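Taking it in order: structure first as structure tokens, then the write-up.
Proteins get letters first, then strands, A, B, ... in listed order; numbering begins at 1 in each. We use all heavy atoms of the structure for the numbers below, so side chains are in, but hydrogens, waters and symmetry mates are not. Note that the coordinates shown come from a computational prediction; the quantities given were computed from them, not determined experimentally.
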Amino acid sequence: MRVRAKGSPGRRPLARSPSRKAAATPAAVTLHNEDVAAAFDEMADLLAIEGENAFRIRAYRRAAQTIRGLSRELAAMQGTEAFAELPGIGADLAGKIGELLQTGHCQALERQRRRIPSAVRDLLGLPGLGPVRVRALFKAGKVRNIDDLARALAGNRLDGLKGFGSGIRARLNAALAERAKQSQRRVPLFVAAQYAKPLREFLQALPGVDRVEVAGSYRRGRDTVGDLDVLLCASARIDLGTALKRYPDLERLTASGETKASGTLRNGLQVDFRVLKPQSFGSALHYFTGSRDHNIHIRRRAQEHGYKLSEYGLFKGNRRIAGKTEEGLFAALGLDWIPPELREDRGEVEAAAAHALPRLIEVTDLRGDLHVHTRASDGSNSLQEMAAAARGRGLSYVAITDHAEHVGVTHGLDAERLAQQIDEIDELNEGCADFTVLKGAEVDILEDGSLALPDAVLRRLDIVIVAVHTQFALSADKQTARILRALERPCVSVLAHPFGRLLGERPPCALDFERVLEAARQRPCYLEINAQPARLDLDDVHAKAAHDHGVRISIASDAHSTDQLDVIQYGVRQARRAWLTRDDVLNARPLGQLRELLGRTRR
DNA sequence: GCCGTTTTCGGCCCGACTGTTTTCAGTCG
């Protein structure tokens with residue numbers, strides 16, 4: 001199912017500082033796709049709160065979704081005509097994209113913001129609050145933000161307000177309490193990358209800078225990133241502060257010294273900069289990549305060898321033993337180089353000492369993608385376009401897995417339409433020797449564990465993906481029983497996005513994962529790492545648990561458009577964090593082996 | 001606001017669930 005953004009609290013889409021407002025055309029600010037998408041989402045939210053035409057609102061949301069799925073930057077495209085060729089973007093929205101890119105602003109959005117303060121949108125992120133109740137709060141209750149809501153609830157000022165019975169009020173109180181507990185907001189890796197890549201390029205081009213790396217959890221490929229740790233290698237002194245003031249994505253420079261600076265990007269992400277000499281760069285890269293627990297383990301090992309380890313190098317007394325490169329540092333400690341994704345102190349140091357680190361899977365190891373959608377359900381491209389795009393990316397197969405009919409929103413296939421699609425795929429495969437389209441479906445697991453399509457229909461498919469799309473809040477017992485019952489069915493190949501989480505929006509469902517793993521192992525059936533940036537589900541920890549339990553993994557893009565096929569790289573990052581090798585991943589197998597393995601999932 | 005076995009404007013996704021009601025509106029996916 002598509003992941004719909006319901007508000008996007010915490011994100012500040014556009015430059016709104018006075019200096020930028022006054023900026024002349026063309027904009028001093030280059031907007032990224034995420035900025036434009038966030039502007040359209042904001043517009044959609046504000047229109048919804050106003051009670052605007054639902055289809056107009058949907059048009060903005062659809063455009064935002066299209067933009068988020070692009071693998072190329074809008075700013076690099078050839079103007080409004082090219083924008084209007086994108087699905088769901090017509091003349092009007094293409095013009096607004098152009099306006100945003102040119103000026104950094106959208107007048108229609110500015111007008112909307114004058115009618116409804118943008119902080120009102122944050123209310124949409126709370127459970128039970130949709131546009132109608134938010135409008136009621138704003139108009140009748142004078143609630144303009146989440147703090148106002150908390151005060152109104154505390155002062156019993158919502159009692160008697162239509163639509164705010166005791167049930168809703170209790171839910172809101174619980175949600176606010178939970179919110180207060182949450183620490184600093186982290187952004188998905190995919191979003192962080194949109195800011196980190198251009199920042200790195202900007203710094204790399206500065207005179208005197210030899211090398212730039214973004215370290216921290218970003219380099220380790222964690223699903224979310226709390227801040228960016230940027231390391232610059234420079235042999236001579238550089239004036240970092242002055243250079244950073246010219247960087248348009250940087251909203252504030254909070255500290256600026258000779259070797260250290262800090263600031264905040266326009267999307268709210270904190271960035272810490274460190275300037276290092278070449279002889280220390282490797283040890284600094286290691287130190288700032290972390291994780292903290294990994295570093296503690298490595299420092300302890302250094303001590304055991306009679307060394308002292310810091311970001312400046314590995315020392316014996318005052319003599320530097322290593323520090324120029326990470327490889328040299330690890331080698332001096334008797335260790336193989338450890339890929340950043342493994343540096344969580346989950347056994348990687350011992351494995352490196354025993355020269356037993358796995359050769360982690362890479363994007364280029366993948367032979368196919370086993371979960372993509374077409375226009376037949378909720379995708380944007382045709383079967384032919386998805387197949388051609390997958391082939392163009394060097395894959396040798398792709399499984400078309402449109403939704404079965406149960407999920408209303410996704411315009412799912414019934415048995416008849418699925419049969420039509422099967423015929424279409426057969427026809428497509430006939431004229432093609434070096435690429436194969438596999439017949440599949442993503443079938444809903446209903447609340448009682450039954451599937452949304454009958455076995456007789458599923459038997460005609462090469463691959464059947466099952467997934468939970470509703471009722472995420474069941475107890476662990478019920479949710480587990482539901483999934484186990486689905487896995488009993490004769491034609492189940494893959495359990496997709498097993499926990500149903502959406503980063504920052506929906507927590508993982510309660511599940512007795514051990515029992516699911518055991519059922520998957522015995523059956524056998526595969527578990528998916530869904531690479532959609534907001535899902536990354538299985539996460540690294542559960543994917544490793546699956547691996548340790550002998551359950552194999554499918555890494556899938558869940559692409560809803562040709563552009564989205566590229567997000568599979570984020571699934572691969574999670575697989576690497578789970579210690580997976582090529583052999584552990586179903587879709588790293590050549591077609592013949594894949595068919596054989598899928599055949600074993602049949603009963 | 002987009003789209004079109006299109007040419008000018010009507011159709012656009014809809015069922016399940018929840019909470020608030022007393023037959024339904026709003027939320028969610």
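Atoms CG (A:D444) and P (B:dC17) sit 12 Å apart, rounded to a whole Å. In this structure, A:Y60 places its OH atom 14 Å from P of B:dC3, rounding to the nearest Å. Here B:dG29 presents its P atom at 12 Å from NE2 of A:H469, a figure rounded to the nearest Å. Nucleotide B:dC14 holds its C1' atom 16 Å from the CG atom of A:L413, rounded to whole Å. Taking atom CG of A:D92 as the reference point, atom P of B:dG1 lies 4 Å away to the nearest angstrom. Between the P atom of B:dC12 and the CG atom of A:N53 lies a distance of 13 Å, rounded to the nearest Å. Between the P atom of B:dC2 and the CZ atom of A:R56 lies a distance of 10 Å, rounded to the nearest Å. The CG atom of A:D378 sits 16 Å away from the C1' atom of B:dG15 (whole-angstrom rounding).
A:I57 comes within 4.0 angstrom of no nucleic acid atom, judged by non-hydrogen atoms across all strands.
Defined by atom type and a distance below 3.5 Å, a donor-acceptor pair is present between the side-chain atoms of A:D402 and A:S377. With 3.5 Å as the limit, one finds no donor-acceptor pair spanning the side chains of A:Q574 and A:D539. Checking A:N530 against A:D537 by side-chain atom types alone, no donor-acceptor pair falls below 3.5 Å.
Nucleotides B:dG1 and B:dT5, compared at atom P, are 23 Å apart to the nearest Å. For the C1' atoms, the distance linking B:dT7 with B:dA16 amounts to 40 Å, nearest Å. B:dT18 and B:dC12: their P atoms are spaced 28 Å apart (whole Å). Here, B:dT23 and B:dC17 have their P atoms 23 Å apart, quoted to the whole Å.
The aromatic ring centroids of A:H497 and A:H469 lie less than 6.0 Å from each other.
Nucleotides of DNA chain B nearest to A:K162 and A:Q471 differ in position, and the one nearer the 5' end is that of A:Q471.
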